[in-house]
Each structure stands twice: as C-alpha cells, then as structure tokens.
Number of protein chains: 2
Amino acid sequence: MGTTQLESVPEPKYWHLKTVIGEALDSDFAVGEILPNERELAARFGVARATLRQALEQLELEGRLQRRRGVGTTVAPPRVGVDVSTTQHTWPGVAEETWQSMDASSAVAPPAVARLLDIEPDEQVHVVRRLRVTQEQPVAAELLYIPSGSVPELNVTDTPTGPARARVVLRELQRLALDGQDRAVELGSARADDAKELDRLPGAPVLVVTTRYLSEGRTAAVSVATYRADTCRLTFGDSGDLVMAS
Amino acid sequence: MGTTQLESVPEPKYWHLKTVIGEALDSDFAVGEILPNERELAARFGVARATLRQALEQLELEGRLQRRRGVGTTVAPPRVGVDVSTTQHTWPGVAEETWQSMDASSAVAPPAVARLLDIEPDEQVHVVRRLRVTQEQPVAAELLYIPSGSVPELNVTDTPTGPARARVVLRELQRLALDGQDRAVELGSARADDAKELDRLPGAPVLVVTTRYLSEGRTAAVSVATYRADTCRLTFGDSGDLVMAS
DNA sequence: AAGTGGTCTAGACCACTGC
DNA sequence: CAGTGGTCTAGACCACTTA
C-alpha cells in the first residue's frame, strides 16, 4: 500500500525519524562510525533535508551524534562524567591538572557578575581564563572574575603575560581563607570565543556552571564555566561512574 | 555604500538577529509583553521566517523568550532558582511541599536505570511519579524507581490508586536508613509524557537530574527528574539568590 | 576540487488558542 | 472563526575539511 499507520496521531515526521534513527544507532552502528551524508539520508527516508536535519539536531542535543562541517556525522561516544562537586573545598588552581590556565587580564565584569561580586558595574576586575581538559578533549571554558579587593597585594605591572600571569593571579587568590562555595547550573548557548575553544560552532548548547567563592562573608571571586552540553554529564558527589541514557 | 561592515566576518544572519532582538528585549520590552508575530518580525528585519525563527529559538533556549502555539511570543521572566542540593539528607517525600505525588505503578525499569540499581533488566520495580511545582508553575517531572528489594514489606494489592498509593510507597521507602546520595545533571529532550505535564512540546530541552539513593551499601532507589531548561536554574548549596544572565 | 554540514529563502499547510 | 506558532518542502548558496 504505501501509507503506514500514522494517520490517527499526526506525530511530527522529525520526531518519528529521530526514533527510527536512534534505534538504528543502537543496533547497526558502532561508536565513531560515519553515517551517510544528510542528502542521502533525507532521500532514503523520503523527507526534505531540513526535516532530516531537525531529527539529527535532536540526536546531537542528546549526545548521540556528533556533526562536523566538512567532515560528516558520526556516532558519539557516551557522555563523559565531569565532576563539579563542591565538596573539595579549595580555591581554583590548587594542585589541579584538570584545568589548564590560559591567561589573565583586566576588564570590567559583565553586569550580572558585578552584581554577584557586589561591586560597581564599571569596576575593573582580574579575569583568568582557563580550559578544562578531560581525556585529551576540551570540555569546558571558564572565566574567573576576581575583584582587586580580593587580591590587594597583587601587582600585575611586572608580571608576564599568558599562562604565567594566570598562575600568579591564582596563587595570590589562594592566600585567602575559603569559607565556602555556591553553585548553579543552567542551559545557555556558547559565545563565539568559548565556542572556538570548545571546538563547536557559536550558539552550541552549553551547561553554564556559575560558582561563587566565599571568603570572610564576602564573594571573593566568581567563576562562569561553560561545559559542552553534548559531550558532558556533570556529576555531584562520588557518582563518577553514573551512566544514563535517555 | 549601502552595505555595512560585515563582509570580512560573515556572521550568520540569525546570530546577528539574535543579538539585535536580545538588546531590544532589554531596552524596549517588559516581562510578559507580547512581541509582534513571527511573520511581521521577519518582514520587519527583511529575512525569511525560518531565519527569524532560528534566532527566536536561541533566545528561548536561553530563557529570554517564551513561545506558545496559538498564543504568541512573550518576554520571559528571569529563570527561577530551583534548589537541588544534596545536603538535605532525606528520602524523597519527607515533609516536602515542593513535590506533588501523582501516582505509583509497577513496571520494568529502563535498561540504564536497571544498571544503576544493579538488578535484572526485566525485573519489575515500583515507579512513583511526582511533579515539582514552584510558584504555581510545574518545573519538573520525576520518575522514582524503587526495586521491591528496597521495600520488602510493601503490599500493593490492597492499596488504592493515584496519589494515595504513591504516598504509601514513599512512606515505606522512608523506613530505610539513608546513607547518602549521588547526583548527575545532563541535557536531554522531553519525552512526550513529561512534555505534557511540563506544558511544553515533546523534544523541548530539559535538564535531566539523576539521583542515586544509597542505603546499606546498595542503591536503594533511583530518581530521574526532568527540569524545564528554559525556565529553571538548578542551584546547589545556599545559592538560591544567585542571578545570572548571558 | 569534491564532498560535507551550515545557512537561507519563499512558500505551503497544520495544530492550537482564543474570541 | 481568525491569528498564532509548529512542521515541511525543494531548492540555492556558503564555509569548511580533506585529499
């Protein structure tokens, strides 16, 4: 006949497609394998390419696929569990190999960050840029905002640039007593610069982790870390081996 | 002239649009205000509706807009901070008004959940369905999986249905000693049933929080809670007043 | 240079909401 | 019923990677 059973419930085509392809991924494909290109897949399923792309987009959002321009669409490995637990009560940069210091500079903090730090919107702060690398892959880009009030003795005029300067700022911060920290997670889209470092296109979905470092009753520093939402699962506590699938 | 300065860097139109509209939201619109409809906006900016929609999609993803079919596009209020901290070491359902029990049933757990519970893939478990309501709005739908081994004395044959039955199961669970819990957050898309309860369309982006409840060295229960990613900011610790914007 | 995914268009129809 | 956002099409061109 030709038409199947989906007249009664007009489930969107892309939703149905997503299910079909998802099942095919489980049974017929291995991690890292390359799928047929979009034009061929669309033809094979008898839909427009835009519709096929809507299905692929969802699968990529769920971490099942990975698409790279000029290369192709591949089956993604399971998401990596990234520990962001707050139990380790230390300042950033203390004996950590997970984060890689990039550089440090001075700039005015974004309004939302200035509010968290309880400083004037136009006040200059130190900004340390770091990159989190797990299993050779960049998973997060961080901006750490430190008001000069938190590191009064820091003199940046005679310090070098690049990673060395970042380490100087972090070392100065570590002289403070850390009373506690706060964390919040929300969905965002990657800014152009973050996207570049994470090897994604601008606007890619990211998990934004905002951390407030508290010292002597004040917010001594604020970190805004953007994690690749497609490849990361953020874990809290000792659940590093937690594995989920939708 | 006529053409502007964007020849060198061919920034996508929808990206530029998103910025322009985002700025307009800050300056010219109040929370809850209705935007012009998509066809008019597209005409006003001189782009196809699909392109305009790509920009709106991103803004919705970032929690700046809310779109409802048949109604229109409105300016969204700031995201609500939802506490998901693990510090409150209690079983679910203990003196909580934030969660609303819906019902309970028996079913086989999804493979990933069965793995977490360390049970056979085809083993029946109790499934409690709950809804988290904040400020009169549903923000999360939860499925709580409890293997019969965790509640050996529970006899469900003589219990009622609906919310009453859910409470019976929860009460039985609370008799166990809770040793600790684990949490993980990742991006997902809403299943059809969750979407319905969260007043969203299927496939809407959600933050999936997976919690493992530990008792006597075993995983006594697993909760999979899907939070609306557009309206929620998950907070850990005492950071309920944390406010961020991109 | 060939092949991939990313962007964009101009149109059509559908599903839902509210009057 | 009119008006909204949601889905879908068929096509074009662009940006990027690889060989």
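Note on naming: letters A, B, ... go to the chains in the order of the sequence lines (proteins, then strands), and numbering restarts at 1 for each one. Reckoned from all heavy atoms, side chains included, excluding hydrogens, waters and symmetry mates.
- We find that CD1 of B/I34 is positioned 10 Å from P of D/dT4, with the value rounded to whole Å.
- For A/Q66 and A/T74, the side-chain atoms include no donor-acceptor pair closer than 3.5 Å.
- Residue whose closest nucleotide on DNA chain C sits further toward the 5' end, between B/G46 and B/R39: B/G46.
- A side-chain donor from one of A/E142 and A/S223 sits under 3.5 Å from a side-chain acceptor of the other.
- Backbone-only contact: B/L201 has heavy atoms under 4.0 Å from sugar-phosphate atoms and none from a base.
- Partners of B/K13 by salt bridge (charged side-chain N to carboxylate O under 4.0 Å, His left out), not counting sequence neighbours: none found.
- In terms of position along DNA chain D, the nucleotide closest to B/E38 lies nearer the 5' end than the nucleotide closest to the other residue of the pair B/E38 and A/T51.
- A/R53 comes within contact range of at least one nucleobase, with a heavy-atom separation under 4.0 Å.
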CA sep, side-chain torsions, deciding dist, call: B/R79, B/D230, salt bridge (charged side-chain N to carboxylate O under 4.0 Å, His left out) = CA-CA 7 Å; B/R79 285 187 173 136; B/D230 55 344; over 6 Å; no

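- If you take OG1 on B/T73 and CD1 on B/I34, they are separated by 9.5 Å, rounding to the nearest 0.5 Å.
- Summary of the strand contacts: A/A48 and A/V71 both lie near DNA chain D, and taking for each the nucleotide with the nearest heavy atom, the more 5' one is attributed to A/A48.
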inquiry  = Go through it in stages, so that I can follow the logic: the residues are A/Q54 and A/K18, the test is side-chain contact (heavy atoms from CB on, under 4.5 Å), and I'd like the CA-CA distance, side-chain angles, deciding distance and then a yes or no.
reply    = CA-CA 8 Å; A/Q54 220 173 333; A/K18 180 196 134 181; over 6 Å; no

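- Of all nucleotides in DNA chain C having an atom under 4.0 Å from a heavy atom of chain A, the first and last in 5' to 3' order are C/dG3 to C/dA15.
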